[in-house]
Amino acid sequence: MPIDATLPYDDTNIFARILRGEIPSTRVYEDAFALAFHDIAPQAPTHLLVIPKGRYVSWDDFAAKADDAEIAGFVRAVGHVAREAGLVEPGYRLLANIGGHGHQEVPHLHVHIFGGRQLGAMLPR
Ligand code: 5GP
């Protein structure tokens, strides 16, 4: 079920628990601003998730409230993870789902990195 991205941050969400190390994940990168790990149900040969360390429900929440260092750190981390995964030359896709129409399921901002095959057109028509 998609979440309501206007609700306050919920510290029990699954990605908050992954950040705290309470549940396992296959981590590929971590720095002061971001954590990256493999999606549990990959939809492409490479399917990584990058999340900010701060308590942000969605891209909207992050864009409105994060400070400049958090935003720069997070954006750089997404680029670094994709680069380290070897995705720059063949190309890749970033995706952030927000709220109901975006079909966001986990209420902690995450950017999907998809790659490793031809991903086709942007959205099903
Ligand atoms: P959303 O629809 O919110 O953009 O995407 C949520 C993503 O989180 C999905 O691709 C789903 O497979 C992934 N996911 C959900 N629970 C877990 C989990 O416990 N561990 C990991 N690694 N990924 C998860």
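Atoms within a ligand are numbered from 1 in the order they appear, just like the ligands themselves. Index from 1, following the sequence.
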Exercise for review: Examine ligand 1 and decide if any of its atoms is less than 4.0 Å from a heavy atom belonging to I18.
Suggested key: yes

Check your understanding: Which pair of non-hydrogen atoms, one from A5 and one from V57, has the smallest distance, and what is that distance?
Key -> O-CG1, 3.7 Å

Revision key, fill the gap. If you compare I40, T26, D39 by their heavy atoms, the one closest to atom 18 (C) of ligand 1 turns out to be I40

Review point. Can you tell me which residue and heavy atom of the protein come closest to atom 2 (O) of ligand 1, and the distance to 0.1 Å?
Key: H103 O, 3.1 Å

**Study point:** Residue and atom name of the nearest protein heavy atom (relative to atom 1 (P) of ligand 1), distance in Å to one decimal
**Key:** H110 NE2, 3.1 Å

Review point. Any sub-3.5 Å donor-acceptor pair from R55's side-chain atoms to A16's backbone N or O?
Key: no

Exercise for review: Could you tell me whether K53 and E70 have a side-chain N and a carboxylate O separated by less than 4.0 Å?
Suggested key: no

Exercise for review: Indicate yes or no for a side-chain donor-acceptor contact from Q104 to the backbone of V106 under 3.5 Å, with no hydrogens or angles considered.
Suggested key: yes

**Study point:** Nitrogen or oxygen of Q104 less than 3.5 angstrom from that of ligand 1
**Key:** no

Practice item. Fit a plane to each ring of H112 and H110, take the angle between them on a 0 to 90° scale, and name the class: parallel (under 30°), tilted (30 to 60°) or perpendicular (over 60°). Key: perpendicular

Point to revise | Which of the ligand 1 atoms, numbered from 1, are nearer than 4.0 Å to a heavy atom of F15 | key: 8 (O), 24 (C)

Check your understanding: Hey, is H112 touching ligand 1 through its side chain, its backbone, both or neither, going by heavy atoms under 4.0 Å?
Key -> side chain

Check your understanding: So do V111 and W59 actually touch side chain to side chain, heavy atoms under 4.5 Å?
Key -> yes

Point to revise | Nearest non-hydrogen protein atom, atom 22 (N) of ligand 1 | key: H38 O, 2.9 Å

Practice item. Could you check atom 19 (O) of ligand 1 against the protein and tell me its nearest heavy-atom contact, residue, atom and distance included? Key: I14 CG1, 3.5 Å

Practice item. Report the relative orientation of the aromatic rings in H108 and Y9; use parallel for angles under 30°, tilted for 30 to 60°, perpendicular for over 60°. Key: perpendicular

Exercise for review: Examine N97 against ligand 1 and note whether any of their N/O atoms are separated by less than 3.5 Å.
Suggested key: yes

